Undergrad: 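Sharing a structure, written as structure tokens. Questions coming.
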2 protein chains.
Amino acid sequence: MNNTRFATLIHILTILAKSPGEWLSSDWIAGSIQINPVIVRKELGALQEQGWVTSRKGKEGGSMLLVSSDEITLADIYKTVKNSNVLGKKNLSPSPKCPIGKNINKELEELFDETDEIVFVALQRRTLAGFVDQFN
Amino acid sequence: MNNTRFATLIHILTILAKSPGEWLSSDWIAGSIQINPVIVRKELGALQEQGWVTSRKGKEGGSMLLVSSDEITLADIYKTVKNSNVLGKKNLSPSPKCPIGKNINKELEELFDETDEIVFVALQRRTLAGFVDQFN
DNA sequence: TAAACTGTAATACTATTCATTACAGTTGTA
DNA sequence: TACAACTGTAATGAATAGTATTACAGTTTA
């Protein structure tokens with residue numbers, strides 16, 4: 001992970017959680033994060049797919065949270081943006097002629113999956129609510 | 001982390017560990033990983049900086065392990081290549097005018113550091129020797 | 001019918017990653 | 001001594017990923 005998507009999503013969710021029942025515009029949210037509103041709208045799309053957020057168009061439009069912030073774990077958020085293993089990528093085609101090259105990707109896959117799983121388990125114990133509560 | 005450096009380093013170290021006392025050339029190692037020898041030489045440089053490997057120039061040159069494979073933990077290897085947080089990057093300049101924007105990077109930094117630490121602790125329990133032993 | 005939104009396509013710009021070429025310097029050996 | 005086989009490293013290129021930006025069609029309220 002070398003992008004800002006997790007930070008952006010949790011920022012958006014925190015803002016929405018702090019204003020329950022209010023329709024907040026992508027422009028307003030973008031202003032708080034200081035990124036382009038188009039990016040915010042794309043991420044709001046991802047949050048809608050998760051069923052966490054609903055948006056409405058038109059004047060007085062915007063987005064709001066559909067679920068309670070204690071139903072969203074940080075692992076859930078991480079899953080929606082994760083696009084690589086914690087330990088990175090495997091090399092594409094190590095030599096099958098070498099006993100190590102032949103087997104390393106199988107071993108690495110195990111190691112990579114186990115490492116990712118440890119992160120998931122840790123993040124599963126934390127909720128959006130817990131994160132949001134840190135702001136006063 | 002969205003690169004192959006961890007995979008490359010552990011591949012190199014595994015090969016060296018399997019041929020103790022032998023000078024292996026960067027070309028030979030590169031052949032097993034199927035990557036460019038220049039990359040291997042750069043990574044060997046990183047391994048030398050850690051004090052794990054020594055290389056010698058000239059005909060009959062090459063590299064070999066200086067330390068026992070059970071003295072190198074996977075956390076040590078991870079540390080030498082890690083260039084990002086597990087959860088990615090923070091947004092650069094969230095708005096100080098917003099109570100959330102103002103504080104989020106402090107909170108994210110804690111969360112990011114704690115998450116990274118969980119990975120370290122897990123990897124610290126595993127050694128290069130343990131990894132190498134999986135190959136027969 | 002105008003204003004304020006969402007959704008999305010298209011394009012551009014930047015950074016990262018890896019490969020590649022090139023070559024100076026080192027060392028063993030015929 | 002000359003050559004072959006290495007290391008070390010600089011410079012450049014190519015591909016990919018990530019983010020920003022512009023543009024605009026469609027929706028909704030007043």
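Residue numbers begin at 1 in each chain, while the letters A, B, ... track the order of the sequences. Please read these numbers as outputs of a predicted model, since none were measured by experiment.
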Undergrad: Would you please confirm or rule out a distance under 4.0 Å between OP1 or OP2 of D:dT7 and any side-chain N or O of B:Q48?
TA: no
Undergrad: Any idea which of D:dT7, C:dT17, D:dA23 is nearest the B:S25 side chain?
TA: D:dT7
Undergrad: Within this structure, what is the CZ-to-P distance between B:F6 and C:dC18, rounded to whole angstrom?
TA: 14 Å
Undergrad: For B:T115, run the side-chain contact (heavy atoms from CB on, under 4.5 Å) check against A:L74, A:I118, A:V86, A:L123 and tell me which one passes.
TA: A:L123
Undergrad: Is there a donor-acceptor pair closer than 3.5 Å between any side-chain N or O of B:N103 and the backbone N or O of B:I100?
TA: no
Undergrad: Applying a 4.0 Å non-hydrogen cut-off, can you work out what A:S63 is touching in the nucleic acid: base, sugar-phosphate, or nothing?
TA: nothing
Undergrad: Could you tell me the separation between the CG atom of B:L24 and the C1' atom of D:dC6, rounded to a whole number of Å?
TA: 13 Å
Undergrad: Can you classify the ring geometry of A:F120 versus A:Y78 as parallel (below 30°), tilted (30 to 60°) or perpendicular (above 60°)?
TA: tilted
Undergrad: In this structure, how many angstroms lie between the P atom of D:dG8 and the CD atom of B:E43, rounded?
TA: 13 Å
Undergrad: Just verifying a value: how many Å separate B:I29 CD1 and B:T8 OG1, rounded to the nearest 0.5 Å?
TA: 11.5 Å
Undergrad: Have A:T54 and A:Q48 got a donor and an acceptor in their side chains that come within less than 3.5 Å?
TA: no
Undergrad: Find the distance A:E60:CD to C:dA4:P and express it as a whole number of Å.
TA: 10 Å
Undergrad: Without decimals, in angstroms, what is the distance between B:R41 CZ and D:dC6 P?
TA: 10 Å
Undergrad: When all nucleic acid strands are considered with a 4.0 Å heavy-atom cut-off, which category describes A:G62: base, sugar-phosphate, or nothing?
TA: sugar-phosphate
Undergrad: So which one's nearest nucleotide on DNA chain D is more toward 5', B:D27 or B:K42?
TA: B:D27
Undergrad: Between B:A7 and A:L108, what is the shortest heavy-atom contact and its length?
TA: CB-CD1, 3.7 Å
Undergrad: For B:G31 and A:S95, work out which heavy atoms get closest and say how close.
TA: O-CB, 3.3 Å
Undergrad: How bent is the helix from C:dT1-D:dA30 to C:dA30-D:dT1, comparing axes over its five end pairs at each side, to the nearest 10°?
TA: 0°
Undergrad: Please work out which residues in residues 52-59 of chain A have a non-hydrogen atom less than 4.0 Å from an atom of DNA chain D and list them by number.
TA: A:K57, A:G58, A:K59
Undergrad: Residues of residues 28-37 of chain A with any non-hydrogen atom less than 4.0 angstrom from an atom of DNA chain D: list those, numerically ordered, please.
TA: A:I35, A:N36
Undergrad: Rounding to a whole Å, what distance do you find between B:M1:CE and D:dA17:P?
TA: 16 Å
Undergrad: Under a 3.5 Å cutoff, is there a donor and acceptor pairing between the side chains of A:S68 and A:D70?
TA: yes
Undergrad: To the nearest angstrom, how far is A:N83 atom CG from C:dT16 atom P?
TA: 16 Å
Undergrad: What pair of heavy atoms forms the shortest contact from B:Q134 to A:E110, and how long is it?
TA: NE2-OE1, 4.5 Å
Undergrad: Which listed nucleotide (D:dT19, D:dG18, D:dT22) is nearest to the side chain of A:V38?
TA: D:dT22
Undergrad: Give a yes/no answer on whether the side chain of A:N3 brings an N or O atom under 4.0 Å of OP1 or OP2 in C:dA15.
TA: no
Undergrad: Could you check whether any side-chain N or O of B:N85 sits under 3.5 Å from a backbone N or O of B:L87, counting only pairs where one atom can act as donor and the other as acceptor?
TA: no
Undergrad: Under 3.5 Å, is there a donor-acceptor pair between the side chain of B:S25 and the main chain of B:W28?
TA: yes
Undergrad: Could you give the NZ-to-P distance, from B:K89 to D:dT19, as a whole number of Å?
TA: 6 Å
Undergrad: For B:E114, is there an ion pair with A:R126 - N to carboxylate O distance below 4.0 angstrom?
TA: yes
